[in-house]
Amino acid sequence: MTRALDILNHTFGYDAFRPPQDEIIDTLIKGGDALVLMPTGGGKSLCYQIPALARPGCGVVISPLIALMQDQVSAMQELGVRASFLNSTLDLASVQSVEQALLDNELDLLYIAPERLVQGRTLQLLSQAQIALFAIDEAHCVSQWGHDFRADYLQLSLLHQEFPQVPRIALTATADERTRAEIIERLQLEEAQQFIAGFDRPNIRYRITLKQNARQQLLRFLKQEHPSDAGIVYCLSRRKTEEIASWLCQQGFTALPYHAGLPTEVRAEHQARFLREEGIIVVATIAFGMGIDKPDVRFVAHLDLPKTVEAYYQETGRAGRDGETANAWMVYGLQDVIKLRQMMANSQGNEAFKRVEQHRLNAMLGLCEITSCRRQTLLGYFGDELADPCGNCDTCLEPVATWDGTEAARMALSAAYRTGQRFGVNHLIDVLRGSETDKVIQCDHHRLPTFGVGKSLDKNQWSSVFRQLVARGYLRVDVEGYGALQLESHCRALLRDEETLHLRRDTLKKVVKQQTKTALPEDIDVALWEALRACRRELADEQGVPPYVIFNNNTLQEMCYQIPQSLSEFGSLSGVGERKLDKYGADFLRVINQHLSS
Ligand code: ADP
Ligand code: ZN
């Protein structure tokens with residue numbers, strides 16, 4: 001293990017392992033297999049990078065994220081690690097030179113796309129080279145039930161068959177028990193040691209707010225909390241991503257749309273700008289997903305409700321990979337529920353499939369309406385337990401008031417029932433509030449016993465009642481008609497007075513304590529910080545790499561606090577290994593000295 005620690009200190013510039021990194025690395029160095037489940041940002045990469053360096057030969061990393069390979073390789077090269085990649089973006093001459101380097105034992109790490117790995121030519125090549133280990137990244141892609149399934153991953157079991165003596169490590173951040181079992185089976189990892197870290201992402205603050213004027217709410221959120229940060233805004237439709245992006249640009253932000261309908265070049269360009277430049281906002285459909293491995297995404301905002309908790313967790317999980325504070329922010333309302341329920345009912349697929357989908361949507365709605373800690377619920381959904389409320393979600397920071405909505409719920413159900421279960425929420429609210437609209441008169445609904453019984457609640461309050469009734473499955477949305485609300489059998493107990501119902505009190509102006517802007521510690525010397533960032537940007541541009549590849553924000557903050565004045569002091573900062581000390585130490589020291597003397 002001293003060798004591993006040595007590499008951690010000298011090459012990566014870090015002091016200590018984050019358990020269980022040390023155990024995983026030890027297992028691999030000794031030649032064993034490992035299955036690693038760790039949340040995003042947990043530090044999975046070191047688990048194969050260090051054994052690859054410690055063992056003789058080259059570590060082969062299989063990853064579906066072709067768009068990222070260049071950056072991953074650049075980041076390794078910055079550390080002085082001899083890394084390369086093989087994928088479809090390379091021309092023949094480059095491929096040949098990478099292959100030769102591998103055969104000459106001149107590589108520490110080689111990233112390969114799965115479809116390329118399973119080709120005869122590649123297998124032939126690997127059989128002639130000395131291989132330190134195989135790392136199978138994003139291992140959940142082997143699962144046919146998951147949303148990221150890749151057929152090529154199924155063939156990866158051949159690694160075990162063709163190279164039985166080479167240790168293998170499979171890594172993922174998104175495996176529930178079933179997926180985990182599938183990974184073990186399909187990759188033949190029965191012998192592997194399992195390392196299952198919790199799912200929690202404590203640096204992400206979860207907030208779900210009632211949707212009122214989504215654009216203005218988003219604008220306020222961005223202006224107050226993320227005026228110049230990189231982030232992702234998720235929307236349901238392609239058109240909306242474009243509209244929101246151009247509107248954000250009018251508001252002074254740099255926002256780019258991203259969806260599957262855009263030409264490939266445009267998508268590639270927008271993704272590249274997001275990765276390379278600072279402070280870019282991408283407004284996207286779910287098409288913007290895998291491979292968004294940018295560590296310093298400070299917020300993920302949802303303007304529409306995701307269909308499942310899995311999707312919500314994965315999308316919000318793209319924030320704060322670097323471990324610094326980040327926001328997961330969402331607005332949601334009755335229309336979202338209606339829209340999603342209709343979309344789902346009209347979707348392709350058999351009844352069993354639709355039932356599963358409805359079930360998953362219900363879990364998502366449950367998360368929205370919950371009045372206790374969001375993180376506890378989220379983690380519980382994945383079978384992870386959090387003993388105490390987290391203190392870093394909206395319901396923890398600003399406890400939600402509830403009220404006894406039993407009576408109101410009965411009135412609402414009765415209004416739906418007595419109007420024949422053929423009307424949408426707006427009309428039902430008119431009936432309850434006793435509004436004599438044309439439609440009410442035409443339908444003779446002003447003669448119903450329910451007419452006007454609900455004057456004590458205003459329109460918003462009724463809308464809140466209906467939303468919660470739909471979310472909790474007392475009412476369903478008719479999918480053929482125009483969002484007519486119909487009673488579910490579930491509401492019998494409530495109507496018979498056998499059940500009481502506590503509802504969320506939706507507050508209109510909810511002010512959750514803000515995160516500090518740009519997540520910078522308050523005591524930091526902002527002028528020095530900006531000067532260091534400018535230096536980093538310049539170096540990054542020179543080399544054509546994203547800024548964080550030079551140094552990440554943590555290391556930059558360390559510079560502000562420690563104010564190193566010599567190369568040896570600089571070398572002791574976390575994140576400064578020997579290679580980066582040589583390459584960049586003098587540049588950053590100059591910036592620091594200039595700052596001190598100004
Ligand atoms: P993952 O692949 O699990 O999402 P990464 O491997 O990208 O996470 O690591 C996330 C961040 O944590 C990176 O910036 C990495 O350099 C840093 N990191 C990982 N392990 C350590 C450690 N032992 N000490 C300090 N920083 C670490
Ligand atoms: Zn909480």
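Ligands are counted one by one from 1 in listed order, and the atoms in each one are counted from 1 as well.
- Residue, atom and distance of the protein heavy atom nearest to atom 7 (O) of ligand 1 are Ser45 OG, 3.7 Å.
- Looking at atom 13 (C) of ligand 1, its nearest protein heavy atom turns out to be Tyr14 OH, 4.6 Å.
- Using a cutoff of 4.0 Å between basic side-chain nitrogens and carboxylate oxygens, Arg579 and Glu78 are not scored as salt-bridged.
- Contacts of Ala16 with ligand 1, taken as heavy-atom pairs under 4.0 Å, involve the backbone alone.
- Ion pairing between Arg467 and Asp506 holds under the 4.0 Å rule for side-chain N and carboxylate O.
- Protein heavy atom nearest atom 27 (C) of ligand 1, with residue, atom name and distance: Arg18 NH2, 3.3 Å.
- The existence of a salt bridge linking Asp26 and Lys30 is confirmed by a sub-4.0 Å separation between a basic side-chain nitrogen and an acidic carboxylate oxygen.
- Among all heavy-atom pairs drawn from Tyr14 and Leu46, the shortest one is CD1-CD1, 4.4 Å.
- Protein heavy atom closest to atom 10 (C) of ligand 1, with residue, atom name and distance, is Gly41 O, 3.6 Å.
- The closest approach between any non-hydrogen atom of Pro39 and ligand 1 is below 4.0 Å.
- Here Asn552 has side-chain heavy atoms under 4.0 Å from ligand 1, and that is the only part of it that gets that close.
- Of the protein's heavy atoms, Gly43 N, 3.2 Å lies nearest to atom 8 (O) of ligand 1.
- The closest protein non-hydrogen atom to atom 20 (N) of ligand 1 is Gln21 NE2, 3.0 Å.
- In this structure, the ring of Phe551 has its center less than 6.0 angstrom from the ring center of Phe588.
- Aromatic ring centres of Tyr258 and His270: separated by at least 6.0 Å.
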